[in-house]
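Predicted model, so just to flag it, every value in this text is computed and none were measured. Counting begins at 1 with the first residue of the sequence. Counting convention: from 1, in listed order, for ligands and their atoms alike.
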Amino acid sequence: MSDSKAQFADRIIDGKAFAEGLRARIGVAVSELNAAHGLAPSLAVVLVGEDPASQVYVRNKGRAAEAAGIAAADHRLDAATSQDELLALVAKLNDDPGVHGILVQLPLPDQIDPAAVIDAIDPAKDVDGFHVVNTGRLATGQMSGPNAALVPCTPLGCRMMLEDRLGDLSGLEAVVLGRSNIVGKPMAQLLTQASCTVTVAHSRTRDLAAVCRRADILIAAVGRPQMVQGDWIKPGATVIDVGINRVPRPTDDDPDKMGLVGDVEFDAAIAVAGAITPVPGGVGPMTIACLLANTVTAACRQNGLAAPVW
Ligand code: GUN
(Lines give C-alpha, C1' and ligand atoms only; values in the text may rest on other atoms or scores of the structure.)
Protein backbone atom coordinates (compact mmCIF):
# COMPACT_ATOMS: atom_id res chain seq x y z
CA MET A 1 0.00 0.00 0.00
CA SER A 2 1.33 3.47 -0.86
CA ASP A 3 2.04 5.91 1.98
CA SER A 4 -0.90 8.14 1.07
CA LYS A 5 -3.28 5.15 0.91
CA ALA A 6 -2.22 4.11 4.41
CA GLN A 7 -2.31 7.67 5.80
CA PHE A 8 -5.79 8.43 4.44
CA ALA A 9 -7.26 4.90 4.45
CA ASP A 10 -10.68 6.09 5.67
CA ARG A 11 -10.99 8.31 2.57
CA ILE A 12 -10.80 5.38 0.15
CA ILE A 13 -14.03 4.20 -1.41
CA ASP A 14 -13.37 0.48 -1.75
CA GLY A 15 -15.13 -0.42 -4.99
CA LYS A 16 -13.78 -3.96 -4.88
CA ALA A 17 -15.37 -4.67 -1.50
CA PHE A 18 -18.61 -2.90 -2.48
CA ALA A 19 -18.74 -4.96 -5.70
CA GLU A 20 -18.18 -8.19 -3.75
CA GLY A 21 -21.18 -7.34 -1.56
CA LEU A 22 -23.33 -6.51 -4.58
CA ARG A 23 -22.30 -9.70 -6.35
CA ALA A 24 -23.23 -11.71 -3.25
CA ARG A 25 -26.69 -10.06 -3.22
CA ILE A 26 -27.06 -10.83 -6.94
CA GLY A 27 -26.13 -14.47 -6.25
CA VAL A 28 -28.87 -14.68 -3.62
CA ALA A 29 -31.41 -13.09 -5.99
CA VAL A 30 -30.47 -15.57 -8.74
CA SER A 31 -30.94 -18.53 -6.35
CA GLU A 32 -34.34 -17.21 -5.29
CA LEU A 33 -35.47 -16.67 -8.90
CA ASN A 34 -34.40 -20.21 -9.66
CA ALA A 35 -36.19 -21.71 -6.68
CA ALA A 36 -39.38 -19.65 -6.84
CA HIS A 37 -39.87 -19.27 -10.60
CA GLY A 38 -37.52 -21.73 -12.32
CA LEU A 39 -35.87 -18.68 -13.88
CA ALA A 40 -32.14 -18.91 -14.74
CA PRO A 41 -30.86 -15.47 -15.83
CA SER A 42 -28.49 -15.70 -18.76
CA LEU A 43 -26.09 -13.35 -20.52
CA ALA A 44 -24.71 -13.57 -24.06
CA VAL A 45 -21.38 -11.82 -24.57
CA VAL A 46 -20.28 -11.19 -28.15
CA LEU A 47 -16.66 -10.45 -29.02
CA VAL A 48 -15.56 -9.73 -32.57
CA GLY A 49 -11.83 -9.99 -33.24
CA GLU A 50 -8.84 -10.44 -30.97
CA ASP A 51 -8.32 -7.10 -29.21
CA PRO A 52 -6.31 -8.19 -26.12
CA ALA A 53 -7.96 -5.73 -23.69
CA SER A 54 -11.42 -6.78 -24.89
CA GLN A 55 -10.51 -10.44 -24.46
CA VAL A 56 -9.58 -9.78 -20.82
CA TYR A 57 -12.81 -7.80 -20.18
CA VAL A 58 -14.96 -10.49 -21.77
CA ARG A 59 -13.26 -13.26 -19.81
CA ASN A 60 -13.75 -11.32 -16.55
CA LYS A 61 -17.41 -10.68 -17.32
CA GLY A 62 -18.01 -14.37 -18.06
CA ARG A 63 -16.28 -15.50 -14.85
CA ALA A 64 -18.17 -12.97 -12.69
CA ALA A 65 -21.48 -14.05 -14.23
CA GLU A 66 -20.83 -17.74 -13.58
CA ALA A 67 -19.76 -16.98 -9.98
CA ALA A 68 -23.13 -15.28 -9.38
CA GLY A 69 -25.03 -18.22 -10.88
CA ILE A 70 -25.77 -16.42 -14.17
CA ALA A 71 -25.28 -18.54 -17.28
CA ALA A 72 -22.84 -16.76 -19.58
CA ALA A 73 -22.39 -17.77 -23.21
CA ASP A 74 -19.43 -16.40 -25.16
CA HIS A 75 -19.84 -15.78 -28.88
CA ARG A 76 -16.43 -15.20 -30.44
CA LEU A 77 -16.40 -14.06 -34.03
CA ASP A 78 -13.52 -13.62 -36.44
CA ALA A 79 -12.06 -10.11 -36.90
CA ALA A 80 -13.22 -10.22 -40.55
CA THR A 81 -16.89 -10.79 -39.59
CA SER A 82 -19.23 -8.62 -41.67
CA GLN A 83 -21.83 -6.30 -40.16
CA ASP A 84 -24.60 -8.49 -41.64
CA GLU A 85 -23.17 -11.59 -39.98
CA LEU A 86 -23.03 -9.82 -36.61
CA LEU A 87 -26.57 -8.46 -37.05
CA ALA A 88 -27.76 -12.00 -37.83
CA LEU A 89 -26.28 -13.24 -34.53
CA VAL A 90 -27.88 -10.34 -32.62
CA ALA A 91 -31.27 -11.18 -34.22
CA LYS A 92 -30.88 -14.81 -33.17
CA LEU A 93 -30.08 -13.81 -29.57
CA ASN A 94 -33.00 -11.34 -29.54
CA ASP A 95 -35.36 -14.16 -30.53
CA ASP A 96 -34.02 -16.65 -27.97
CA PRO A 97 -36.23 -16.53 -24.84
CA GLY A 98 -33.42 -18.28 -22.91
CA VAL A 99 -31.13 -15.26 -23.39
CA HIS A 100 -31.97 -12.32 -21.10
CA GLY A 101 -28.99 -10.03 -21.64
CA ILE A 102 -26.91 -9.26 -24.73
CA LEU A 103 -23.59 -7.45 -24.62
CA VAL A 104 -21.57 -6.75 -27.77
CA GLN A 105 -18.09 -5.79 -26.63
CA LEU A 106 -16.81 -2.48 -28.04
CA PRO A 107 -14.78 -1.37 -29.92
CA LEU A 108 -15.82 -3.27 -33.05
CA PRO A 109 -13.64 -3.71 -36.16
CA ASP A 110 -13.78 -0.85 -38.69
CA GLN A 111 -16.11 -2.62 -41.15
CA ILE A 112 -18.90 -2.65 -38.51
CA ASP A 113 -20.93 0.42 -37.49
CA PRO A 114 -21.38 0.15 -33.70
CA ALA A 115 -24.53 2.30 -33.79
CA ALA A 116 -26.19 -0.13 -36.22
CA VAL A 117 -25.38 -3.04 -33.92
CA ILE A 118 -26.55 -1.29 -30.73
CA ASP A 119 -29.77 -0.26 -32.53
CA ALA A 120 -30.39 -3.90 -33.43
CA ILE A 121 -30.26 -5.20 -29.83
CA ASP A 122 -33.69 -5.70 -28.22
CA PRO A 123 -33.85 -2.80 -25.69
CA ALA A 124 -35.23 -5.24 -23.08
CA LYS A 125 -32.00 -7.28 -23.39
CA ASP A 126 -29.63 -4.30 -23.71
CA VAL A 127 -27.76 -4.81 -20.42
CA ASP A 128 -25.19 -2.15 -21.43
CA GLY A 129 -28.02 0.43 -21.53
CA PHE A 130 -26.64 1.87 -24.79
CA HIS A 131 -29.76 1.53 -27.00
CA VAL A 132 -31.53 4.84 -27.71
CA VAL A 133 -34.69 3.46 -26.10
CA ASN A 134 -32.79 3.03 -22.85
CA THR A 135 -30.90 6.33 -23.11
CA GLY A 136 -34.24 8.02 -23.84
CA ARG A 137 -35.91 6.38 -20.85
CA LEU A 138 -33.00 7.47 -18.65
CA ALA A 139 -33.19 11.02 -20.02
CA THR A 140 -36.92 11.21 -19.34
CA GLY A 141 -36.63 9.66 -15.89
CA GLN A 142 -38.47 6.42 -16.68
CA MET A 143 -36.72 4.52 -13.91
CA SER A 144 -39.27 2.09 -12.49
CA GLY A 145 -41.83 -0.41 -13.73
CA PRO A 146 -41.66 -2.99 -16.51
CA ASN A 147 -40.47 -0.47 -19.14
CA ALA A 148 -37.86 1.30 -17.04
CA ALA A 149 -34.46 2.20 -18.47
CA LEU A 150 -31.61 -0.26 -18.30
CA VAL A 151 -28.85 2.09 -17.09
CA PRO A 152 -25.23 1.93 -18.35
CA CYS A 153 -23.17 -0.09 -15.88
CA THR A 154 -20.31 2.30 -15.07
CA PRO A 155 -22.45 5.32 -14.09
CA LEU A 156 -24.87 3.01 -12.26
CA GLY A 157 -22.01 1.70 -10.14
CA CYS A 158 -20.71 5.24 -9.52
CA ARG A 159 -24.11 6.36 -8.28
CA MET A 160 -24.35 3.36 -5.92
CA MET A 161 -20.95 4.17 -4.40
CA LEU A 162 -21.85 7.86 -4.05
CA GLU A 163 -25.14 7.15 -2.31
CA ASP A 164 -23.49 4.60 -0.05
CA ARG A 165 -20.85 7.15 1.00
CA LEU A 166 -22.88 10.37 1.06
CA GLY A 167 -26.51 9.33 1.49
CA ASP A 168 -28.83 11.94 -0.02
CA LEU A 169 -27.07 13.74 -2.89
CA SER A 170 -29.65 16.50 -3.34
CA GLY A 171 -28.35 20.03 -3.62
CA LEU A 172 -24.73 18.97 -4.10
CA GLU A 173 -22.60 20.51 -6.87
CA ALA A 174 -21.53 17.72 -9.23
CA VAL A 175 -19.01 18.14 -12.03
CA VAL A 176 -18.78 15.38 -14.63
CA LEU A 177 -15.53 15.59 -16.54
CA GLY A 178 -16.19 13.87 -19.87
CA ARG A 179 -19.21 13.69 -22.15
CA SER A 180 -19.12 10.17 -23.59
CA ASN A 181 -22.30 8.21 -24.28
CA ILE A 182 -21.03 5.36 -22.07
CA VAL A 183 -20.15 7.36 -18.96
CA GLY A 184 -20.34 11.17 -18.99
CA LYS A 185 -23.83 11.70 -20.41
CA PRO A 186 -25.64 8.97 -18.42
CA MET A 187 -23.73 9.95 -15.27
CA ALA A 188 -24.97 13.53 -15.66
CA GLN A 189 -28.53 12.22 -16.07
CA LEU A 190 -28.32 10.10 -12.92
CA LEU A 191 -26.90 12.96 -10.85
CA THR A 192 -29.59 15.32 -12.16
CA GLN A 193 -32.22 12.78 -11.09
CA ALA A 194 -30.57 12.69 -7.66
CA SER A 195 -31.16 16.49 -7.51
CA CYS A 196 -27.52 17.51 -7.82
CA THR A 197 -26.57 20.70 -9.63
CA VAL A 198 -24.68 19.21 -12.56
CA THR A 199 -21.99 20.65 -14.81
CA VAL A 200 -20.65 18.59 -17.71
CA ALA A 201 -17.09 19.70 -18.43
CA HIS A 202 -14.82 18.53 -21.24
CA SER A 203 -11.69 19.26 -23.25
CA ARG A 204 -13.07 22.59 -24.52
CA THR A 205 -14.19 23.84 -21.10
CA ARG A 206 -12.47 27.10 -20.12
CA ASP A 207 -10.50 26.95 -16.87
CA LEU A 208 -11.24 23.32 -16.17
CA ALA A 209 -9.40 23.49 -12.84
CA ALA A 210 -11.70 26.25 -11.55
CA VAL A 211 -14.81 24.37 -12.69
CA CYS A 212 -13.62 21.17 -10.97
CA ARG A 213 -12.83 23.13 -7.80
CA ARG A 214 -16.56 23.94 -7.47
CA ALA A 215 -17.48 20.27 -7.20
CA ASP A 216 -18.73 18.54 -4.08
CA ILE A 217 -18.80 15.46 -6.33
CA LEU A 218 -16.20 15.18 -9.08
CA ILE A 219 -16.51 12.41 -11.67
CA ALA A 220 -13.37 12.09 -13.79
CA ALA A 221 -14.08 10.24 -17.03
CA VAL A 222 -11.78 11.69 -19.67
CA GLY A 223 -9.35 8.84 -20.30
CA ARG A 224 -6.25 10.99 -19.75
CA PRO A 225 -3.79 9.63 -17.18
CA GLN A 226 -3.68 11.67 -13.96
CA MET A 227 -5.04 14.80 -15.62
CA VAL A 228 -6.96 15.95 -12.53
CA GLN A 229 -4.47 17.39 -10.08
CA GLY A 230 -4.70 17.77 -6.33
CA ASP A 231 -5.32 21.52 -6.47
CA TRP A 232 -8.32 20.99 -8.81
CA ILE A 233 -10.20 19.41 -5.91
CA LYS A 234 -12.33 21.20 -3.36
CA PRO A 235 -11.34 20.20 0.18
CA GLY A 236 -13.64 17.43 1.36
CA ALA A 237 -15.02 16.63 -2.11
CA THR A 238 -15.94 13.10 -3.17
CA VAL A 239 -13.91 12.06 -6.21
CA ILE A 240 -14.91 9.17 -8.48
CA ASP A 241 -12.12 8.20 -10.86
CA VAL A 242 -13.48 6.35 -13.89
CA GLY A 243 -10.18 6.36 -15.81
CA ILE A 244 -8.34 3.11 -16.48
CA ASN A 245 -5.12 4.10 -18.26
CA ARG A 246 -2.21 1.79 -18.95
CA VAL A 247 1.09 3.61 -18.44
CA PRO A 248 4.75 2.49 -18.41
CA ARG A 249 5.91 1.55 -14.92
CA PRO A 250 9.41 0.14 -15.50
CA THR A 251 11.20 -1.78 -12.75
CA ASP A 252 14.81 -2.98 -12.55
CA ASP A 253 13.61 -6.50 -13.36
CA ASP A 254 11.16 -5.52 -16.09
CA PRO A 255 11.82 -2.31 -18.02
CA ASP A 256 8.67 -2.88 -20.13
CA LYS A 257 6.33 -3.28 -17.16
CA MET A 258 3.02 -1.44 -17.43
CA GLY A 259 0.74 -0.25 -14.64
CA LEU A 260 -2.76 1.19 -14.30
CA VAL A 261 -3.55 4.77 -13.29
CA GLY A 262 -6.78 6.73 -13.27
CA ASP A 263 -7.65 10.17 -14.59
CA VAL A 264 -6.83 11.66 -11.17
CA GLU A 265 -3.44 12.24 -9.59
CA PHE A 266 -4.31 9.95 -6.70
CA ASP A 267 -1.64 10.75 -4.09
CA ALA A 268 -2.22 14.49 -4.35
CA ALA A 269 -6.01 14.16 -4.54
CA ILE A 270 -6.47 11.93 -1.50
CA ALA A 271 -4.71 14.50 0.68
CA VAL A 272 -7.46 17.03 -0.20
CA ALA A 273 -10.58 14.97 -0.92
CA GLY A 274 -13.12 13.69 1.60
CA ALA A 275 -13.37 10.40 -0.29
CA ILE A 276 -11.92 8.95 -3.49
CA THR A 277 -12.03 5.76 -5.54
CA PRO A 278 -8.65 4.13 -6.26
CA VAL A 279 -7.50 2.72 -9.61
CA PRO A 280 -7.52 -0.23 -9.74
CA GLY A 281 -10.09 -1.36 -7.17
CA GLY A 282 -12.64 1.45 -7.47
CA VAL A 283 -15.05 1.89 -10.37
CA GLY A 284 -13.86 -1.11 -12.44
CA PRO A 285 -15.18 -3.91 -10.20
CA MET A 286 -18.49 -2.06 -9.79
CA THR A 287 -18.99 -1.89 -13.57
CA ILE A 288 -18.89 -5.68 -13.85
CA ALA A 289 -21.13 -6.15 -10.81
CA CYS A 290 -23.69 -3.74 -12.32
CA LEU A 291 -23.65 -5.71 -15.58
CA LEU A 292 -24.75 -8.75 -13.57
CA ALA A 293 -27.39 -6.67 -11.76
CA ASN A 294 -28.72 -5.44 -15.12
CA THR A 295 -28.86 -9.02 -16.41
CA VAL A 296 -31.00 -10.12 -13.44
CA THR A 297 -33.15 -6.98 -13.80
CA ALA A 298 -33.67 -7.74 -17.51
CA ALA A 299 -34.49 -11.41 -16.81
CA CYS A 300 -37.11 -10.41 -14.22
CA ARG A 301 -38.81 -7.86 -16.47
CA GLN A 302 -38.88 -10.26 -19.43
CA ASN A 303 -40.73 -12.71 -17.19
CA GLY A 304 -43.25 -10.28 -15.73
CA LEU A 305 -41.49 -10.17 -12.33
CA ALA A 306 -40.55 -7.08 -10.32
CA ALA A 307 -36.79 -6.51 -10.52
CA PRO A 308 -34.83 -6.44 -7.24
CA VAL A 309 -33.78 -3.04 -5.88
CA TRP A 310 -29.99 -3.25 -5.70
N1 GUN B 1 -15.93 -1.64 -24.05
C2 GUN B 1 -15.44 -0.93 -23.00
N3 GUN B 1 -16.38 -0.77 -22.05
C4 GUN B 1 -17.49 -1.40 -22.51
C5 GUN B 1 -18.77 -1.59 -21.96
O6 GUN B 1 -19.11 -1.13 -20.87
N7 GUN B 1 -19.64 -2.30 -22.74
C8 GUN B 1 -19.30 -2.79 -23.95
N9 GUN B 1 -20.22 -3.47 -24.64
N10 GUN B 1 -18.11 -2.64 -24.49
C11 GUN B 1 -17.20 -1.95 -23.76
Side-chain angles (χ1 to χ4, degrees), residues 15 19 22 42-65 70 72-77 79 81 83 86-87 89-90 93-94 99-110 112-135 138 149-161 178-187 189-190 219-224 240-246 260 262-263 277 279-280 282-295 297-298:
L22 177 56
S42 96
L43 172 66
V45 179
V46 181
L47 174 62
V48 186
E50 269 102 47
D51 179 63
S54 293
Q55 284 178 331
V56 173
Y57 288 136
V58 164
R59 195 169 53 236
N60 289 344
K61 287 168 187 175
R63 283 186 186 154
I70 295 171
D74 265 9
H75 299 266
R76 298 198 176 225
L77 304 181
T81 299
Q83 180 165 310
L86 179 55
L87 290 176
L89 173 59
V90 169
L93 297 170
N94 282 344
V99 172
H100 304 108
I102 302 171
L103 179 146
V104 179
Q105 183 69 23
L106 303 175
L108 289 164
D110 289 347
I112 300 175
D113 172 13
V117 176
I118 292 167
D119 274 355
I121 296 172
D122 179 348
K125 298 188 178 187
D126 168 37
V127 284
D128 265 326
F130 294 167
H131 193 286
V132 289
V133 165
N134 284 312
T135 59
L138 174 61
L150 283 165
V151 177
C153 305
T154 298
L156 184 58
C158 293
R159 188 187 61 182
M160 285 182 192
M161 288 190 286
R179 52 180 161 175
S180 69
N181 290 335
I182 294 181
V183 183
K185 286 180 198 163
M187 189 76 247
Q189 303 279 7
L190 288 174
I219 312 284
V222 272
R224 295 188 51 184
I240 305 289
D241 190 350
V242 180
I244 301 178
N245 307 291
R246 279 169 66 76
L260 288 185
D263 291 348
T277 57
V279 177
V283 172
M286 281 302 287
T287 297
I288 293 194
C290 287
L291 172 68
L292 308 182
N294 275 352
T295 303
T297 297

Per the under 4.0 Å non-hydrogen criterion, ligand 1 touches Leu103, Val104, Gln105, Leu106, Asp128, Phe130
Give the minimum heavy-atom separation between Asp126 and His131, together with the two atoms involved.
-> OD2-N, 2.8 Å
Give a yes or no answer on whether the side chain of Asp263 reaches the backbone of Gly223 with a donor-acceptor pair at less than 3.5 Å.
-> yes
By side-chain contact (heavy atoms from CB on, under 4.5 Å), which residues pair with Pro114, not counting sequence neighbours?
-> Leu106, Leu108
Say whether, by atom type as modelled, one donor and one acceptor occur between the side chain of Lys125 and the main chain of Val99 under 3.5 angstrom.
-> yes
Side chain to side chain donor-acceptor pair (under 3.5 Å) partners of Lys61, counting only residues at least two apart | Gln105
Going by atom type alone, with no hydrogens or angles, which donor-acceptor pairs under 3.5 Å involve a side-chain atom of residues 283-295 and a protein atom two or more places apart or on another chain?
from	atom 1	to	atom 2	distance (Å)
Thr287	OG1	Thr154	OG1	3.0
Thr287	OG1	Val283	O	3.3
Asn294	ND2	Val127	O	2.9
Asn294	ND2	Val151	O	2.9
Thr295	OG1	Leu291	O	2.8

